[in-house]
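Model, not experiment: these values are computed from the prediction.
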Amino acid sequence: MPISLQSHAFAGNPLRYRTPKPTHPLSPALALETLKTELVDNSHQSSSLNYKVLPFRKGRPLASSTSTDADLGPTWNLGWISLADCKGLFSASGVEFTGDSLFYLGSSSEQDVDVVYWAIDVSGENSLFTEFDSEQVSFIELRTLMVATDWANEQAMVDLAVAGHAKALLEWHNISRFCGYCGEKTVPMESGRRKQCSNELCRRKVYPRVDPVVIMLVIDRENDRALLGRQSRFVPRMWSCLAGFIEPGESLDEAVRRETWEETAIEVGEVMYHSSQPWPVGPSSMPCQLMVGFFAYAKSLEIKVDRGELEDAQWHGREDVRKALMFAEYEEAQRTAAAKVDQMCRGVEKGQSLSSDFNVESGELAPMFFPGPFAIAHRLITSWVNQGSTFDALQLKQQPNSYQSNL
């Protein structure tokens with residue numbers, strides 16, 4: 001069954017809604033200064049600040065799993081730990097913890113308590129893992145958590161967005177250790193929100209990297225068809241929208257037309273923006289892609305596939321696409337992945353990658369299927385299938401809300 005989502009996966013992170021001014025106690029610099037003071041002086045109490053830390057290992061956030069309803073199945077939660085617990089874990093493992101390894105994620109106010117959220121990469125601290133193993137938690141791939149997310153659970157969608165931002169930030173720090181201009185080491189600044197070259201003669205500022213990608217559903221209006229492509233890495237019978245990176249000096253709509261022409265020799269005329277989605281689950285060399293989605297209307301119809309880009313590309317009628325959407329059991333796939341995450345948190349399947357479990361189909365195989373509801377490609381396809389007009393399906397509710405961790 002198709003699934004209707006209120007917002008894109010990884011979008012709608014309330015912690016990113018606004019950053020406090022530099023003079024505000026919750027600003028990145030002042031929050032870190034207060035945190036360090038508390039680490040040094042245990043007797044020191046900052047007004048009402050509370051701190052929560054999310055550990056990562058090799059790009060995987062710490063997560064737990066709870067089962068509250070037999071019908072709904074288990075639900076994963078981010079493995080937030082308190083500042084005191086974080087300090088205790090490092091101390092028990094003989095590792096010094098100064099706070100410099102923390103990266104600012106944002107803040108929120110809940111019930112008159114100000115909470116500041118941080119991420120920390122513990123990949124290099126092997127002695128810490130035995131401490132985590134004693135708890136009902138596990139470091140789980142973000143893509144796996146994405147598949148296991150209950151799309152109707154607003155808190156789970158928020159957790160996914162927060163984890164996506166944290167992973168992108170940490171991965172960017174890992175690949176930007178040296179200045180691209182002079183080659184000297186870079187150092188975190190503003191609680192990890194940017195970096196700066198340590199060379200006094202250089203001092204260049206470096207900001208988190210975002211790689212924009214256009215993704216488009218090319219439509220044949222006259223024959224009520226959509227152009228879908230297959231890459232060689234796709235599993236059998238999987239089709240998706242065309243996509244490609246934006247080149248320097250190129251506008252978004254120009255990138256849509258160029259990529260479509262290069263991959264299929266289809267000429268595109270009108271280009272209409274649909275929505276965008278942060279995508280922090282690509283290769284580590286590109287910590288966060290920004291998928292910018294479009295409807296593109298074809299001016300020519302004869303396909304000539306560039307085999308270096310695609311394995312195949314074909315026109316598909318609206319009704320055939322609609323039937324394929326009805327066939328794929330996305331909800332069953334989500335429940336299956338959630339159950340496996342629960343097993344991993346209980347130590348049954350630690351370390352297993354479940355990222356391939358996003359498409360579970362009912363007994364009779366459908367002739368084709370598409371990326372799951374977590375992907376903007378799915379949203380583009382379902383919007384086109386169900387629309388009466390181009391923007392009928394664009395009611396994405398991405399208003400910021402308060403953030404309260406379940407842990």
Side-chain angles (χ1 to χ4, degrees), residues 13-41 44-57 59 61-62 78-87 89-90 95-110 113-125 128 158-159 161-179 184-198 203-210 278 280 287-288 400 402-403 405:
N13 177 3
L15 302 185
R16 298 292 302 147
Y17 176 50
R18 60 169 63 95
T19 302
K21 298 295 184 182
T23 56
H24 194 283
L26 297 180
S27 67
L30 292 185
L32 181 59
E33 182 179 325
T34 305
L35 180 150
K36 287 184 175 181
T37 301
E38 294 193 15
L39 287 175
V40 173
D41 183 3
H44 178 84
Q45 296 293 327
S46 67
S47 57
S48 60
L49 283 188
N50 190 10
Y51 305 98
K52 294 198 174 183
V53 181
L54 182 60
F56 275 74
R57 181 190 183 193
L62 189 68
L78 289 177
W80 295 104
I81 60 177
S82 68
L83 180 63
D85 287 341
C86 188
K87 181 179 179 180
L89 283 171
F90 274 79
V95 180
E96 184 181 8
F97 178 60
T98 63
D100 288 325
S101 54
L102 293 172
F103 298 99
Y104 182 88
L105 298 180
S107 62
S108 70
S109 297
E110 297 290 344
V113 177
D114 292 324
V115 184
V116 185
Y117 297 88
W118 307 85
I120 187 170
D121 190 346
V122 298
S123 302
E125 310 297 345
L128 288 176
V158 167
D159 279 359
V162 171
H165 164 57
K167 178 181 183 292
L169 185 62
L170 292 176
E171 291 291 299
W172 170 72
H173 275 279
N174 286 333
I175 66 170
S176 58
R177 296 178 179 178
F178 299 94
C179 175
E184 291 293 326
K185 288 186 177 181
T186 57
V187 293
M189 304 292 289
E190 297 179 16
S191 303
R193 290 167 57 83
R194 68 175 177 88
K195 303 188 83 170
Q196 186 166 304
C197 178
S198 60
R203 306 289 288 175
R204 287 181 179 256
K205 297 178 181 179
V206 187
Y207 291 91
R209 169 177 169 175
V210 177
C288 191
S402 61
Y403 182 68
S405 170

Backbone N/O of [Y] and side chain of [X]: donor-acceptor pair under 3.5 Å:
X: Ser198; Y: Val187; result: no
X: Ser82; Y: Lys52; result: no
X: Ser176; Y: Trp172; result: yes

Which heavy atom in [X] sits nearest to a heavy atom in [Y], and how many Å separate them?
X: Pro287; Y: Arg209; value: CD-CD, 4.4 Å
X: Gly79; Y: Pro55; value: O-CD, 3.6 Å
X: Leu32; Y: Gly99; value: CD1-O, 3.6 Å
X: Ser191; Y: Pro28; value: OG-O, 2.6 Å

- Message: Could you go through Leu78 and Tyr117, starting from their C-alpha distance and side-chain angles, then the distance that decides it, and tell me whether this counts as side-chain contact (heavy atoms from CB on, under 4.5 Å)?
- Response: CA-CA 12 Å; Leu78 289 177; Tyr117 297 88; over 6 Å; no
- Would you call the rings of Trp118 and Tyr104 parallel, tilted or perpendicular if under 30° counts as parallel and over 60° as perpendicular? perpendicular
Looking at [atom1] of [X] and [atom2] of [Y], how far apart are the two atoms once the value is rounded to the nearest 0.5 Å?
X: Glu171; Y: Asp121; atom1: CD; atom2: CG; answer: 7.5 Å
X: Ser27; Y: Lys21; atom1: OG; atom2: NZ; answer: 11.5 Å
X: Asn174; Y: Leu169; atom1: CG; atom2: CG; answer: 10.0 Å
X: Leu35; Y: Asp100; atom1: CG; atom2: CG; answer: 10.0 Å

- Results of ring pair (Phe, Tyr, Trp, His ring centres under 6.0 Å) for His165 - residues two or more places apart only: none
Would you mind reporting whether [Y] and [X] have side-chain heavy atoms less than 4.5 Å apart?
X: Leu54; Y: Phe103; result: no
X: Leu102; Y: Phe97; result: yes
X: Tyr51; Y: Leu39; result: no

- Message: side-chain contact (heavy atoms from CB on, under 4.5 Å), that's the test. Do Arg203 and Cys197 meet it? Break it down for me.
- Response: CA-CA 5 Å; Arg203 306 289 288 175; Cys197 178; 5.6 Å; no
- Task: Check the pair Leu15, Ser108 against side-chain contact (heavy atoms from CB on, under 4.5 Å), reporting the backbone distance first and the verdict last.
- Result: CA-CA 7 Å; Leu15 302 185; Ser108 70; 4.3 Å; yes
- Full working for side-chain contact (heavy atoms from CB on, under 4.5 Å) between Leu105 and Asn13: CA-CA 10 Å; Leu105 298 180; Asn13 177 3; over 6 Å; no
- Scan Gln196, Arg177, Arg194, Lys195 and name whichever one has a side-chain hydrogen bond (donor to acceptor under 3.5 Å, both in side chains) with Thr186. Lys195
- Note on the structure: Between Leu49 and the options Thr34, Val115, Leu30, the side chain to side chain contact (heavy atoms under 4.5 Å, CB included) test singles out Thr34
- By salt bridge (Lys or Arg N to Asp or Glu O under 4.0 Å), which residues pair with Arg193, not counting sequence neighbours? none
